[in-house]
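Accompanying notes for the structure given below.
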Amino acid sequence: PFVRRLIGWTLAIPATIYRLNTSLKLIFGPEKPPADFAIRGGGILSLKPQNFITASSDLTQARDSMPNIEEGYSKMATPIHVLYGREDRILSCKLNGEDLVQRIPGVQLTLVSGGHMLPVTQVERTLQFVEEAAGKATGLAS
């Protein structure tokens, strides 16, 4: 935790700025980040030390906590709808999308061509997905 805070308050932000274009290509790929993502999309908010500290803490704890979380998947009763980009470069489409259908009974998976940032790069498609999922969950589907 001390080293994480030290890096967060000293090196993390300059390092993020230094590799910004490379990071955006990875996060948004294969789609392009919007030109106004930093301000209008809130991307500049990632340049806060606490964001690095929290995200790195989450990543270090994920290995230990994910098995317990995944164990509960089969007991989930809430309707689950997942929109996933086939070309996601951050999270595996197979592991986190396609395989989810076998791990969670009744999950509804929608795969589309695109990457990790669908709500930003495909606003209309994401809105349509949310409206359809909410309609099915409430019985108000058109």
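The first residue in the sequence is number 1, and the count goes up from there.
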Using every non-hydrogen atom in the two residues, find where Ala62 and Pro67 come nearest and quote the distance to one decimal. O-CD, 4.4 Å
Using modelled atom types only, decide if a donor and an acceptor are shared between the side chain of Ser57 and the backbone of Ile53 within a distance under 3.5 Å. no
Under 3.5 Å: donor-acceptor pair, side chain of Arg103, backbone of Leu95: yes
What closest approach, in Å, do Lys32 and Thr121 show between heavy atoms, and which atom pair accounts for it? O-CG2, 4.0 Å
Mind checking whether Ile13 and Leu11 sit in one hydrophobic cluster, side chains of I, L, V, M, F, W, Y counted as touching below 4.5 Å? no
Any chance the side chains of Gln128 and Glu132 put a donor and an acceptor closer than 3.5 Å? yes
Whether the side chain of Glu31 engages the backbone of Gly114 through a donor-acceptor N/O pair (distance < 3.5 Å, no angle test) should be reported. no
Determine whether Leu45 and Ile39 fall in the same hydrophobic cluster, where Ile, Leu, Val, Met, Phe, Trp and Tyr are linked whenever their side-chain heavy atoms lie under 4.5 Å apart. no
Heavy atoms of Pro33 and Leu24 approach each other most closely as CG-CB, 4.0 Å
Of all heavy-atom pairs between Gly8 and Phe52, which one has the smallest distance, and what is that distance? CA-CD2, 3.5 Å
State yes or no: do Leu111 and Ile90 share one hydrophobic cluster built from I, L, V, M, F, W and Y residues joined by side-chain heavy-atom distances below 4.5 Å, directly or via other members? yes
Residue among Ile104, Asn96, Leu100 satisfying side-chain contact (heavy atoms from CB on, under 4.5 Å) with Val82: Leu100
Heavy atoms only: give me the nearest Leu118-Val112 pair and the separation to one decimal. CD1-CG2, 3.8 Å
Any side-chain heavy-atom pair from Thr16 and Ser23 closer than 4.5 angstrom? no
So, do Arg125 and Thr110 sit near enough that their side-chain heavy atoms are less than 4.5 Å apart? yes
Test of understanding: clusters of I, L, V, M, F, W, Y form through side-chain heavy atoms closer than 4.5 Å, transitively. Do Leu59 and Ile27 belong to the same one? no
A side-chain contact here means heavy atoms from C-beta on lying under 4.5 Å apart; do Met76 and Val107 qualify? no
Heavy-atom distance under 4.5 Å between the side chains of Gln122 and Leu83, does that happen here? no
Min side-chain heavy-atom separation Arg89-Pro30 under 4.5 Å: yes
What pairs with Phe28 under ring pair (Phe, Tyr, Trp, His ring centres under 6.0 Å), at least two apart in sequence or on another chain? Phe37
Between Glu87 and Cys93, is there a side-chain heavy-atom distance shorter than 4.5 Å? no
Can you name the residues that form a ring pair (Phe, Tyr, Trp, His ring centres under 6.0 Å) with Tyr84, not counting sequence neighbours? none
What closest approach, in Å, do Pro34 and Val120 show between heavy atoms, and which atom pair accounts for it? CG-CG1, 3.5 Å
